[in-house]
Amino acid sequence: MEPMTVLIVEDEPGILELLTVNLRGGGFQTIGAADGIEAMRLFEQRQPDAVVLDLNVPKVSGFRLLDVFKRADRPVPVIAVTAYSFEEAQEVVRKGVDAFMTKPVDFDALNQTVARLIARSRGGDSAGRIG
Amino acid sequence: MTDFGEQSRNAAVLLRLARAVSSSIDQDELLDLVVHEVAAVTGADRASIWLYDRHHGTLTSAAIHGIDPEFAARWRGDQRHWEDEPLSRLAIDTGEIIVSENALGDPRADTEAVRFFGDRSILVAPLVARGIPMGTLYLNHVHQHHVYSDSERELITAIAASVAQSMRNAELYAESQRRGELLQRSFQRIGEVLASGVRFDETLAVIVASAVEFLGADSGGVVLAGENPSVRGEIGVHGEAIAQVAALLDGQLGDDTATGEVGSASYLAASLTGRSGTLGVLVVLVADGELFDSDAASALRGFAAQAAIALEDSRLFDLAIAREANARRRAETLDQLNVVGTLLNESLDLNTVLETITNSAKELIEADSASIIILDEQSDRPFAVTAPSGTPTPVRPNGLTNYIRQSGDIVLVTDTSLDHRVNPEIVASGVRSMIGIPLRVDGRVVGVLYLNSMRVRDYSDSIVTICEILASQASVAWKNARYFHAVSEEKEKLASIVENSSDGILLIDADRRVQAANPALLAMTGWTAAEADERRCDEVLGCGGSDQATCAACPLGSRTNGRLPVDLGVWTKAGKSLSVSVTSGTGATPTGAPAFGVAVIRDMTAVRRLEDAKSHFVALISHELRTPLFLVKGFLSTLQRAESLGVDALQRATFLSNAEAAADRLGRLINDLVTASKLDAGKLSLSREPVDMSDVAYQEQSWQEALGTGRILIVDVPSEPAMVYADRQRLEEIVHNLVDNAAKYSPVDRPIRVTVVKADRAGGPGWAVTVRDEGPGLESDDITHIFERFYRGETAESSAVSGMGLGLTIVHGLVEAHDGTIAVESAPGQGSAFTVTLPAVTAAQRGVVTLPPAVGAAWNQ
């Protein structure tokens with residue numbers, strides 16, 4: 001089976017590298033974007049199966065990006081990675097992300113979450129087609 | 001023309017009228033009596049008195065004699081316009097009696113009335129008191145023309161003067177009563193009536209009503225002792241029972257109270273004891289099995305004491321009037337006493353009160369000097385203060401004042417040289433006779449009123465009586481003035497608190513209009529006192545609370561329960577937003593409706609801003625610390641699972657150094673926090689030595705290169721060493737933070753310039769280091785806040801520039817710790833330049849630590 005593609009939006013090079021190495025280790029294909037414009041371009045071109053999003057990236061605000069990803073023809077699960085506290089992260093969930101993780105991130109948990117959310121969205125897709 | 005018979009008849013009339021004036025009959029009765037007497041003595045068919053209303057220019061019929069009683073009753077109160085009564089106008093204007101001998105042909109007369117009654121002659125006498133027109137007296141003859149004799153004219157003139165004076169007195173009395181009510185509403189009703197001391201029955205009625213109300217009784221009254229006991233000031237339906245109680249006790253009460261039953265009612269009675277013995281008894285009753293408790297007895301005793309004072313005052317007054325033979329003189333006395341009463345009511349200032357009394361007393365009894373000695377109640381040994389505002393002098397143990405204080409007697413000294421109690425100094429000053437009257441408050445002698453004369457003189461009973469009335473009025477007024485003084489002192493204290501409060505204080509009325517605002521509130525809101533006055537409070541505060549129901553902070557509203565502060569956003573007049581905390585309170589009218597509201601308003605803007613900054617800071621710290629922490633932890637855990645992740649050896653080496661760099665970053669952040677908090681607490685210690693600023697600038701370049709961002713850093717330093725007296729590590733931190741800041745806020749392809757130049761300052765020679773970037777520059781608004789802790793420019797907030805906003809704060813604090821200055825030069829699109837100037841090292845400082853020559857030489861090249 002073709003591996004799932006995850007778009008990582010993260011401006012801190014070290015963290016981008018960490019997420020990349022670990023998601024690949026979890027069996028995903030990854031593409032990385034260091035700012036909002038790059039993220040929108042890659043999302044359009046590569047049509048990823050999920051997005052791991054740092055909400056605080058240059059050029060386009062994280063919430064604007066979230067809006068773009070969720071309103072796309074083929075909406076994908078978005079996992080927010082935030083350096084803010086749990087309370088603040090809850091606010092993020094209300095704005096429409098599918099999951100959030102606070103830094104430091106547990107990579108195994110991240111891999112599992114990404115896999116589960118992709119599976120769920122796929123299931124939803126097929127259910128939609130049947131219905 | 002006059003004969004003896006006529007004279008004695010006239011005298012009799014005057015005497016009857018004088019008695020009428022002196023007894024406390026009411027104004028209407030007096031006027032009825034006057035028209036009756038005058039008609040009888042002149043043989044007039046009609047006699048009438050018309051009251052002149054000075055404000056409305058009308059004449060109102062007040063008393064009429066000689067027409068059918070039923071008709072007269074309807075006629076009373078009939079009103080004419082002044083302009084339509086030429087005879088009255090003429091009489092008043094000239095002050096003379098005007099006689100129309102042939103009324104029918106007289107155009108000045110009211111033709112209609114003349115025809116209706118068939119008047120032949122009309123006399124109009126002006127009623128003028130001290131130049132003030134009070135009205136006119138009409139005498140009409142119907143059956144024959146009447147020619148008035150000189151004696152008749154004299155009599156009419158005398159009566160008119162007396163009546164006018166009496167009317168004026170009544171008017172003054174009413175006026176003083178009205179003013180008294182206005183001014184003394186806060187004092188007891190009883191005190192008020194006592195102070196006027198004239199209308200005996202009314203006074204008793206008020207006292208009885210107060211006692212009945214206070215004790216929850218059903219009825220009450222006063223029974224006066226004497227040959228013919230009568231119930232006075234009666235309230236309720238037990239008149240007979242009250243008389244029975246009085247008969248039962250019949251002077252057996254002494255100074256005490258008694259309780260018992262009469263019929264089905266319980267009674268409580270207290271004796272009215274005056275200076276001359278038992279005056280009567282005050283009785284209250286409750287019906288059907290209810291009883292008075294023990295507290296009631298002492299309360300009733302208090303009311304009885306007041307009734308006794310009123311009774312004595314009133315008797316003294318009656319006595320004074322009855323003993324004065326001359327009606328005019330009497331009227332003037334009454335007038336004078338009324339004036340005193342009015343002034344006392346008007347003025348609650350102690351010195352004014354005492355001065356008014358001494359002046360009036362002097363005038364009334366033609367004394368040469370008058371003084372009031374106030375005894376100091378606080379000290380055991382009484383001190384005397386001669387009013388007004390005299391210096392206290394000790395009371396002589398065997399002196400007159402001490403005698404009066406102890407005995408409570410009125411003392412008449414007809415020849416001071418013969419009385420050893422009189423102060424020799426007073427005798428030496430030429431005072432030959434004197435009268436001393438005790439001033440009593442609550443039964444105690446609180447002072448003495450002295451009236452002195454420079455001649456040996458006998459004092460008549462009437463003079464003594466007048467003095468006693470003055471003294472009793474003075475006592476009550478003095479007591480009131482004391483209360484007033486205490487109250488106004490409290491008020492002044494309060495006013496001072498309000499004036500000097502750093503919190504804003506706003507007083508509003510029931511319509512929420514501003515009645516008063518203290519300076520702090522005006523400063524806070526930017527309104528002037530005149531602008532704020534009578535404006536709606538929501539307008540002054542700009543809080544948008546449009547009515548008391550919706551305004552959470554409104555003192556009048558039901559939503560502000562208790563005194564918990566309410567947070568409110570307000571706008572100053574200039575449109576600045578403030579966040580305030582409002583604590584409210586209300587004052588109610590006697591009926592319980594809100595009369596006014598007070599709001600204490602504290603400007604919390606600065607506090608709130610700091611609170612916001614703090615919570616923002618906590619969020620920021622957590623964010624800033626989490627990123628490097630994640631890097632450290634992330635690289636380490638990735639290395640741990642390197643095998644399974646397929647990480648090669650080269651990558652592993654990179655990951656290790658990345659983890660180390662992240663740990664360094666974490667360390668720097670923590671250092672920054674520590675430095676900032678040390679600076680904040682003033683606990684930063686510097687180890688200062690002569691340092692070359694250029695050296696530090698070069699060091700900075702090497703760090704920048706080590707970071708490997710590829711940014712160009714241009715360093716420009718002078719050829720001579722830029723020696724400053726500084727903590728080298730801290731100076732490095734200053735320069736580093738400035739460069740770091742420049743790197744953060746300017747594009748990576750734009751260079752950063754670090755320049756060191758000589759910069760002499762007011763305090764002496766100095767060196768300056770400037771870090772200039774080609775970034776977006778700063779708005780002037782940002783420049784003012786840039787050194788504030790945790791402040792990050794708009795650009796930093798909206799973009800993803802990381803940092804806690806501590807860098808520049810630390811720089812600022814470090815520069816200040818070095819006695820240096822920092823300046824910013826920036827404009828949008830122009831880049832920013834931060835210049836730090838430090839004082840050059842002095843010879844003395846240089847002497848402490850000598851710079852290794854090699855270092856200096858190296859930089860000199």
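To find a chain, count down the sequence lines: A is the first, B the second, and so on, and within it residues start at 1.
- Dense packing is recorded around CD of B:E774, with more than 12 heavy atoms of other residues, nucleotides or ligands lying under 6.0 Å away.
- Within 6.0 Å of atom CD in B:Q729, 12 or fewer heavy atoms from other residues, nucleotides or ligands are found, so the atom counts as exposed in its surroundings.
- Around CZ of A:R41, the count of heavy atoms belonging to other residues, nucleotides or ligands within 6.0 Å exceeds 12.
- Applying the salt bridge (Lys or Arg N to Asp or Glu O under 4.0 Å) rule to B:R608 yields the partners B:D567, B:E611; only residues at least two apart in sequence or on another chain are considered.
- Taking both residues in full, the closest heavy atoms of B:L645 and A:G25 are given as CD2-CA, 3.4 Å, listed atom of the first, atom of the second, then distance.
- Contacts from residues 631-641 of chain B to chain A, taken as heavy-atom pairs separated by less than 4.5 Å, involve B:L631, B:K633, B:G634, B:F635, B:S637, B:T638, B:R641 in sequence order.
- Within 6.0 Å of CD on B:E643 lie no more than 12 heavy atoms contributed by other residues, nucleotides or ligands.
- Counting non-hydrogen atoms of other residues, nucleotides and ligands closer than 6.0 Å to CZ of A:R46 gives a total of 12 or fewer.
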